[in-house]
Number of protein chains: 2
Amino acid sequence: MIEALKQNYGYLFEPALLEGISNVGQLKKVPEGFQLMDIGEPIKGMPLILDGAIKILREDEKGNELVLYFIERGDTCAMTLSCCVGMAKSEIRAVAETDTTLIMIPVEKMENWMATYKSWRQFILQSYHDRLMEMLDTIDSIAFLKMDERLLRHLRDKAMITRDDVIQTTHQEIAQDLNTSRVVISRLLKKLENQGKIQLFRNSIKVIDL
Amino acid sequence: MIEALKQNYGYLFEPALLEGISNVGQLKKVPEGFQLMDIGEPIKGMPLILDGAIKILREDEKGNELVLYFIERGDTCAMTLSCCVGMAKSEIRAVAETDTTLIMIPVEKMENWMATYKSWRQFILQSYHDRLMEMLDTIDSIAFLKMDERLLRHLRDKAMITRDDVIQTTHQEIAQDLNTSRVVISRLLKKLENQGKIQLFRNSIKVIDL
DNA sequence: AGTGTCGTGTAACCTTTGTTACCGATTACC
DNA sequence: GGTAATCGGTAACAAAGGTTACACGACACT
């Protein structure tokens with residue numbers, strides 16, 4: 001574990017902190033589609049992603065979903081940080097977008113390390129910052145963009161985090177991610193294909209115009 | 001200044017920190033409508049609100065606006081915190097919603113106090129948490145609600161922060177806040193009035209159903 | 001091969017929201 | 001008092017997105 005940790009976070013954290021993490025942290029490998037956290041669930045720990053990607057999404061009472069953003073290698077989940085401060089319940093759902101390796105850190109350590117390690121403080125603040133910016137991005141998309149632009153952006157995001165211009169997914173799944181209906185997505189995807197921006201296949205989409 | 005400071009933040013910060021704030025902080029009184037910060041502007045300092053309320057909004061390249069949330073007495077602006085970490089440019093615009101009194105703290109002090117005062121650390125983290133939750137709320141509104149519900153929610157928010165069920169505003173201004181057109185707002189306001197949830201006057205709206 | 005399920009394309013229609021245009025009332029300013 | 005600007009109501013229409021229904025091919029399972 002310490003090896004993968006050093007590789008991803010070595011330049012960030014001082015040796016003593018790396019050691020602390022590897023002592024109390026719990027290595028976890030989860031397959032694609034695995035649900036790491038759900039809305040209303042108490043927070044068990046804070047994840048440090050070593051490899052893979054996680055989809056963070058929001059749901060309302062009626063079951064409508066919306067993807068907020070993805071987190072990747074080197075990231076952590078600000079919502080988790082957040083919950084250590086105030087309430088203990090998660091406001092979001094986290095689902096592994098690809099096979100993912102991560103370290104879970106018990107929440108008790110956080111305040112502790114905040115006082116001790118400057119690098120930890122900076123990491124936490126940076127994470128909050130990054131997540132706030134992602135949320136701003138999300139808000140920009142929903143508030144200012146039409147569905148076809150949101151769709152294209154979503155496809156590019158997915159291509160980016162999987163590092164593959166061919167996305168394995170269905171129209172139905174995209175519709176859920178963007179909180180709209182399958183018919184609408186099929187319609188717009190066809191339009192994007194006619195514009196030469198993507199290529200459609202059964203169960204996959206190739207993004208041309210990255 | 002130290003008096004107003006103690007009154008609003010005394011229970012949060014230890015005496016030494018309060019003293020530090022009152023030494024380096026700069027007291028500011030701004031009138032309603034005053035623009036405290038704009039998108040792209042470098043961040044000068046971090047505001048602690050003593051009295052009043054500030055509207056935080058986002059704008060895209062085309063000039064479309066959207067209100068993100070309001071901050072009030074006892075709050076600070078997470079975007080400012082955020083900018084001390086990464087870039088130095090503001091991502092948002094801040095406009096005084098009412099006459100407002102605040103203390104500006106130079107950004108240099110932040111990292112300093114983070115190491116020294118536990119209460120400061122907790123305040124910063126709590127602020128980040130609060131702001132993230134507000135952003136989630138905003139996303140919920142835009143993503144899951146129809147315009148009439150968003151409108152009603154906006155009116156209630158405004159009533160809340162001004163502590164007055166009569167809102168002084170125009171349909172045009174509301175339309176800007178919600179990134180839609182005046183005609184749409186007029187239409188929906190009329191509907192809400194017919195439903196008995198509000199009462200319309202020239203330049204003001206009374207929220208019945210708080 | 002036969003059956004059922006899943007993924008996709010498409011048409012028809014409805015609702016919500018955005019746009020343009022116009023009008024009357026109120027207010028501000030000279 | 002006259003004039004211009006602002007504010008709000010409304011109609012008519014356009015565009016975007018949501019809904020329902022159905023067809024057809026791919027695929028899985030037996």
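Small disclaimer: the values here were computed from a predicted structure and weren't measured. Lettering follows sequence order; numbering is per chain, from 1.
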For [X] and [N], give me the distance from atom [atom1] to atom [atom2], rounded to whole Å.
X	N	atom1	atom2	answer
B:Glu173	D:dC7	CD	C1'	13 Å
A:Leu189	C:dG7	CG	P	14 Å
A:Lys191	D:dA15	NZ	P	13 Å
B:Arg202	C:dT27	CZ	P	5 Å
A:Leu188	C:dG9	CG	C1'	13 Å
A:Ile185	D:dG18	CD1	C1'	12 Å
B:Arg182	C:dC22	CZ	P	14 Å
B:Glu193	D:dC7	CD	P	18 Å

Basic-acidic side-chain contact under 4.0 Å: A:Glu193, A:Lys190:
yes
Decide, yes or no, whether a salt bridge links A:Asp99 with A:Lys29 under the criterion of side-chain N to carboxylate O below 4.0 Å.
no
Should the heavy atoms of other residues, nucleotides or ligands under 6.0 Å from NZ of B:Lys44 be counted, would the total exceed 12?
yes
Looking at B:Thr180, I'd like to know whether one of its side-chain N or O atoms comes within less than 4.0 Å of OP1 or OP2 on C:dG18.
yes
Under-4.0 Å side-chain N/O to phosphate OP1/OP2 contact, A:His171 with C:dC6
no
Do B:Tyr69 and B:Leu57 make a side-chain contact, defined as non-hydrogen atoms from C-beta onward lying under 4.5 Å apart?
no
[options]: which one has an atom nearest the side-chain heavy atoms of [X]?
X	options	value
B:Leu200	D:dG9, C:dT19, D:dT19	D:dG9
A:Val183	D:dG18, D:dT6, D:dT20	D:dT20
B:Lys190	D:dT10, C:dG7, C:dG9	D:dT10
B:Ser186	C:dC6, D:dT10, C:dG18	D:dT10

Sugar-phosphate, base or nothing in reach of A:Ser181, heavy atoms under 4.0 Å:
base
Pairwise 5' ranking along DNA chain C for A:Thr169 and A:Arg187, keeping only the more 5' one:
A:Thr169
Both B:Ser204 and A:Lys146 contact DNA chain D. Taking the nearest nucleotide for each, which residue is further toward the 5' end?
B:Ser204
Per nearest nucleotide of DNA chain D, the residue lying toward the 5' end, A:Leu145 or B:Phe201, is B:Phe201
How many angstroms lie between atom CG of A:Asn179 and atom CD of A:Glu59, to the nearest 0.5 angstrom?
10.0 Å
